[in-house]
Amino acid sequence: KQEVTQIPAALSVPEGENLVLNCSFTDSAIYNLQWFRQDPGKGLTSLLLIQSSQREQTSGRLNASLDKSSGRSTLYIAASQPGDSATYLCARGQGGSEKLVFGKGTKLTVNP
Amino acid sequence: KAGVTQTPRYLIKTRGQQVTLSCSPISGHRSVSWYQQTPGQGLQFLFEYFSETQRNKGNFPGRFSGRQFSNSRSEMNVSTLELGDSALYLCASSHLWSYEQYFGPGTRLTVT
């Protein structure tokens with residue numbers, strides 16, 4: 001069974017701090033890993049997609065890495081801001097399908 | 001380019017009724033997937049469509065069904081609603097084989 005785990009479930013940090021969100025998955029035959037952001041009551045916003053042949057992707061203050069051998073992905077957020085407060089979800093994809101398997105998410109609060 | 005749109009945004013139904021939710025993908029996207037999000041179970045895959053054909057189905061009862069039209073718009077139907085069907089239903093679209101999913105704002109279904 002393909003499972004995705006995100007720890008911690010919640011994280012509170014002061015503004016300006018650099019932080020790392022963790023995502024682990026079973027089955028190293030992962031095809032891709034996608035990070036999303038979800039604001040309360042809203043849909044998901046795609047942040048970064050890492051294909052299985054890649055090790056990391058960067059967008060602005062965000063950097064995501066993928067280590068298939070250890071079954072881990074991390075999302076690094078630099079110089080956090082209150083506007084970064086949201087739930088961050090990681091999801092693994094599988095070849096031959098658009099299906100994503102999601103973790104339960106990490107709820108991030110950045111305090112001014 | 002317009003994003004994924006879902007209608008209606010909010011819906012209140014009574015147990016035993018049926019409901020139809022609609023999703024219009026991003027222009028040019030022919031793959032559409034549906035997910036159910038609840039506080040307890042998180043995001044769970046319902047089904048995936050491409051070119052009017054269901055390619056993959058999640059572990060949900062037969063009361064949940066869907067279809068896709070020739071213009072790539074998709075609908076999902078839930079018959080004989082139960083209280084446990086109360087959830088945020090999210091639709092995502094993508095170019096097939098790009099694996100980057102774009103989500104709509106969701107339909108919040110409340111069953112009373």
Side-chain angles (χ1 to χ4, degrees), chain A residues 1-10 23-25 27 29-54 57-59 62 64 66 68 73 86-107, chain B residues 3-7 9-10 21 23-26 29-51 53-60 68 72 74 87-110:
Chain A
K1 182 181 176 184
Q2 299 171 345
E3 292 187 349
V4 179
T5 304
Q6 292 185 252
I7 295 173
C23 173
S24 61
F25 47 87
D27 185 2
I30 187 172
Y31 202 80
N32 58 69
L33 195 293
Q34 196 166 356
W35 283 91
F36 296 90
R37 166 188 174 137
Q38 186 174 32
D39 292 287
K42 302 291 180 62
L44 277 61
T45 299
S46 176
L47 297 174
L48 291 164
L49 168 69
I50 311 175
Q51 303 283 9
S52 62
S53 58
Q54 300 171 322
Q57 284 285 346
T58 298
S59 175
L62 305 179
L66 175 63
K68 292 191 296 179
S73 177
T87 296
Y88 290 81
L89 296 141
C90 69
R92 61 161 292 161
Q94 57 190 64
S97 170
E98 303 294 298
K99 174 184 175 181
L100 293 174
V101 177
F102 282 86
K104 293 288 181 70
T106 294
K107 184 176 181 180
Chain B
V4 178
T5 58
Q6 292 187 244
T7 56
R9 293 292 312 280
Y10 303 91
L21 312 181
C23 170
S24 292
I26 290 172
H29 287 187
R30 295 170 63 196
S31 179
V32 174
S33 301
W34 288 89
Y35 294 82
Q36 180 196 65
Q37 186 177 32
T38 59
Q41 298 297 317
L43 274 149
Q44 293 186 286
F45 173 78
L46 280 159
F47 20 66
E48 169 196 348
Y49 287 89
F50 177 77
S51 289
T53 300
Q54 188 180 90
R55 296 181 68 231
N56 208 344
K57 188 177 191 303
N59 189 25
F60 279 82
Q68 186 181 32
S72 296
S74 177
L88 181 66
Y89 289 88
L90 292 162
C91 166
S93 75
S94 64
H95 281 298
L96 193 64
W97 310 131
S98 79
Y99 298 109
E100 184 159 15
Q101 306 264 329
Y102 295 88
F103 281 77
T107 294
R108 172 73 64 183
L109 172 65
T110 302

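Only this structure's heavy atoms are used, side chains among them; waters, hydrogens and symmetry mates stay out. Reminder, nothing fancy here: chain letters follow the sequence lines and each chain counts from 1. This is a predicted model, so every value here is computed, not measured.
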**Asked** What part of B:Leu43 gets closer than 4.5 Å to chain A, counting heavy atoms only: side chain, backbone, both or neither?
**Response** both
**salt bridge (Lys or Arg N to Asp or Glu O under 4.0 Å) pairs, two or more places apart, involving residues 35-48 of chain B** = B:Glu48-B:Arg55
**Item:** Interface residue of largest heavy-atom contact number with chain A, from B:Pro105, B:Gly58, B:Gly106, B:Ser33, under 4.5 Å
**Value:** B:Pro105
**Request:** Please identify each residue that fulfils side-chain hydrogen bond (donor to acceptor under 3.5 Å, both in side chains) with B:Thr107, with sequence neighbours left out.
**Result:** none
**Request:** Indicate yes or no for a side-chain donor-acceptor contact from B:Tyr35 to the backbone of A:Leu100 under 3.5 Å, with no hydrogens or angles considered.
**Result:** yes
**Complete:** The interface call for B:Gln37 against chain A, heavy-atom contacts under 4.5 Å, is side chain
**Message:** Given heavy-atom pairs under 4.5 angstrom as the criterion, report whether the side chain, backbone, both or neither of B:Phe47 touches chain A.
**Reply:** neither
**Request:** Might you point out which heavy atoms bring B:Cys91 and B:Gln6 nearest each other, and give the distance in Å?
**Result:** N-OE1, 3.0 Å
**Request:** Report yes or no: does B:Gln44 contribute a side-chain atom to a donor-acceptor pair with the main-chain N or O of B:Asn59 at less than 3.5 Å?
**Result:** no
**Request:** Heavy-atom distances under 4.5 Å only: say whether A:Leu89 touches chain B with side chain, backbone, both or neither.
**Result:** side chain
